[in-house]
Number of protein chains: 2
Amino acid sequence: MKQAQRLYDIVNVVKEQGYMTIEELTKRYEVTPQTLRRDLNTLADKGKIKRHHGGAASIESSIENTPYQQRKAENQNAKLAIAKRVAQLIPNNASLFINIGTTNEIVAEQLLQHQGLTVVTNNIYAASILSQKQDFSVIIAGGEVRFQDGGIIGEATRDFIQQFRMDFSILGISGIESNGALLDFDFREVKVSQAMLAHAQHNILVADGSKFHRQAMVEQAHMSQINTFVCDREAPSELMSVMKQNDVRFIKI
Amino acid sequence: MKQAQRLYDIVNVVKEQGYMTIEELTKRYEVTPQTLRRDLNTLADKGKIKRHHGGAASIESSIENTPYQQRKAENQNAKLAIAKRVAQLIPNNASLFINIGTTNEIVAEQLLQHQGLTVVTNNIYAASILSQKQDFSVIIAGGEVRFQDGGIIGEATRDFIQQFRMDFSILGISGIESNGALLDFDFREVKVSQAMLAHAQHNILVADGSKFHRQAMVEQAHMSQINTFVCDREAPSELMSVMKQNDVRFIKI
DNA sequence: CATAAAATTTTCGTTTTCGAACATTTTCTA
DNA sequence: TAGAAAATGTTCGAAAACGAAAATTTTATG
């Protein structure tokens, strides 16, 4: 195996395992420890891994690995499927709002394939992900950062959002009642979401099936304000008829 | 097989395999290594593949460093030492501004030991780190997110910052001239930093020694506006005298 | 805190790969 | 088909990658 190939593989294997010793890597690539050290130092210089005595560790990109991020793992498959479907709905060069929610972070990752997007968001994780692409214009709302989930919330945030008129909004929520009420836990987030709803042409609701019977406190909006609802499950029949009445396009993956 | 055909095929096979050695390609096309080298160099010039010693890799599977990642890896030890010292200067329950910069992200990590801080920042990474603590109040400025480093910049950002009056500002910069001029690369960031300087009681400058002779374009501020300067090296004597004249406390780690 | 063990850096010689220059063959075109 | 242009092959000094051994630093342990 050539050096370039090995370097690439080391980055992946270290990222995957979290930590690799020189010895383990020696066995894997059948080169001397000396060569491995040179490789690891090269990669550390480039900021790809973190060098330690005896081996190397992956870099936690300061925005990952927060306790909150672990919640992202729940229902991962459903969320990924939803995210991919949502990404298909968004054309290149579109402008969109993205609000808080784990599903929305995965949506952000999927949107990296697009080009020329303009995104206004109150989700610092989504902003961080999307700002990796040079041809995206990412605008983050100002305000207080909620400690659990990196959401930016409050009245100042709502005012900020209201400056914009976007093509789409992609909204995640905490709960859905069968009568079509969309619920959240935090009234400050609700204000922001309402502003996004009011200032986007086409509103896309994303939610995995676990939201159907989840209790939440604050009424955020109503299904009648939504244009498209992407979900991984069949909705309760009462909700289905509410959607039908209001011309909501329901996409089940 | 003709050259054009071969070139086309090489691109595909490299993309498919991720990496191909000269030797493998020699066998595949039955030409001399020299010819393959010419081919690979041609393709690399056109940006179709990535050339390496012994072969070539596809563009995607590149281990190239983003400039930002690299900068973060540079001087890691100095930055950590500076960050720890800065954290000591900040009392519990203080309010502070934090601006852009890799050192400031490490400062944010160190501040997690504190209690009851109120932080206003235009650095999404710092915001993300600090928002992990429930007893912190983290406020992020709104505005456009710069793709290289997650900095939030611009006039709207400055206006946002100006709403606040804080105890401290922790400022990272791009360059320091010996006459005491503090420099940055981006005028949009400069506006934000100036606002922080003007609205904090006590201004702390953080910089590792590499900043002393770095050229940067925009004058951001002057050393006379700084109260405390934390650095890992001795400053040039001219700068030392400027600091003395202006009652700047210089802390060398 | 002193010592040993482990890991790392440094140095140096060997092998592999590279690139430039020139020779030869193939392809194109008038 | 003659001549030019492009592609390929050959040769050789330079550069890069690698392994081995010595010198140095870091870490563990009594």
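Just so it is clear: chains get the letters A, B, ... in the order the sequence lines come, proteins before strands, and each one is counted from 1. Model, not experiment: these values are computed from the prediction.
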Which angle, rounded to 10°, do you find between the first-five-pair axis and the last-five-pair axis of the helix from C:dC1-D:dG30 to C:dA30-D:dT1?
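Axis-to-axis angle, ends of the helix: 40°.
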
Full working for side-chain hydrogen bond (donor to acceptor under 3.5 Å, both in side chains) between B:R6 and B:Q3
CA-CA 5 Å; B:R6 194 176 57 231; B:Q3 189 201 31; 5.8 Å; no

Between [Y] and [X], is there a side-chain donor-acceptor contact under 3.5 Å, judged purely by atom types and distance?
X      : Y      : result
A:Y29  : A:D9   : yes
B:S174 : B:K211 : no
A:D208 : A:S210 : yes

For [X] and [N], give me the distance from atom [atom1] to atom [atom2], rounded to whole Å.
X     : N      : atom1 : atom2 : result
A:R37 : D:dA22 : CZ    : C1'   : 14 Å
A:R51 : D:dT25 : CZ    : P     : 17 Å
B:Q34 : D:dT8  : CD    : C1'   : 10 Å
A:L36 : D:dG19 : CG    : C1'   : 13 Å
B:L40 : D:dA7  : CG    : P     : 15 Å
A:N41 : D:dC18 : CG    : P     : 14 Å
B:D39 : D:dG9  : CG    : C1'   : 13 Å

Go through D:dG9, D:dC18, D:dA17 for me and flag the one nearest to the B:T35 side chain.
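The answer is D:dG9, which lies nearest to the side chain.
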
If you only use heavy atoms from C-beta on, which nucleotide in D:dT8, D:dA17, D:dT27 is closest to the side chain of A:Q3?
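In terms of side-chain proximity for A:Q3, the closest of D:dT8, D:dA17, D:dT27 is D:dA17.
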
N/O donor-acceptor pairs under 3.5 Å from side chains in residues 237-252 of chain B, not counting sequence neighbours:
unit_1: B:S241; atom_1: OG; unit_2: B:E238; atom_2: O; d: 2.7
unit_1: B:N246; atom_1: ND2; unit_2: B:V242; atom_2: O; d: 2.8

Nucleic acid contacts - residues 14-31 of chain A versus DNA chain C, non-hydrogen atoms under 4.0 Å:
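DNA chain C contact set from residues 14-31 of chain A: A:I22.
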
Which two nucleotides bound the region of DNA chain C that has atoms under 4.0 Å from heavy atoms of chain B, read 5' to 3'?
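Contacts span C:dT17 to C:dT27, reading 5' to 3'.
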
Contacts of B:H202 that satisfy ring-ring contact (aromatic ring centres under 6.0 Å, His included) - sequence neighbours left out
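B:H202 satisfies ring-ring contact (aromatic ring centres under 6.0 Å, His included) with B:F168 once adjacent residues are dropped.
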
Any pair counted as side-chain hydrogen bond (donor to acceptor under 3.5 Å, both in side chains), so long as it reaches residues 180-197 of chain B, sequence neighbours left out:
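As it turns out, the side-chain hydrogen bond (donor to acceptor under 3.5 Å, both in side chains) pairs with a partner in residues 180-197 of chain B, which skip direct neighbours, are B:N99-B:E189, B:N99-B:S193, B:N122-B:E189, B:R146-B:D186, B:D186-B:R188, B:E189-B:S193, B:S193-B:Q220.
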
Of A:H53 and A:R6, whose nearest nucleotide on DNA chain D comes first from the 5' end?
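Residue closer to the 5' terminus by nearest nucleotide: A:R6.
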
Name the orientation class of the two ring planes belonging to B:Y19 and B:H52 (parallel below 30°, tilted from 30 to 60°, perpendicular beyond 60°).
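Because their plane-to-plane angle lies in the 30° to 60° range, the rings of B:Y19 and B:H52 count as tilted.
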
Hey, does the side chain of A:S128 reach the backbone of A:I124 with a donor-acceptor pair shorter than 3.5 angstrom?
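Judged by distance alone, no pair lies under 3.5 Å.
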
Does A:T35 use its side chain to pair, donor to acceptor, with the backbone of A:V31 at less than 3.5 Å?
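Pair absent, no side-chain N/O of A:T35 close to backbone of A:V31.
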
Closest nucleotide of DNA chain C for B:G54 versus for B:R38: which of these residues is on the 5' side?
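It is B:G54, whose closest nucleotide lies nearer the 5' terminus.
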
Yes or no on side-chain hydrogen bond (donor to acceptor under 3.5 Å, both in side chains) for B:K50 and B:S58, after CA distance, side-chain angles and deciding distance?
CA-CA 6 Å; B:K50 187 90 197 175; B:S58 68; over 6 Å; no

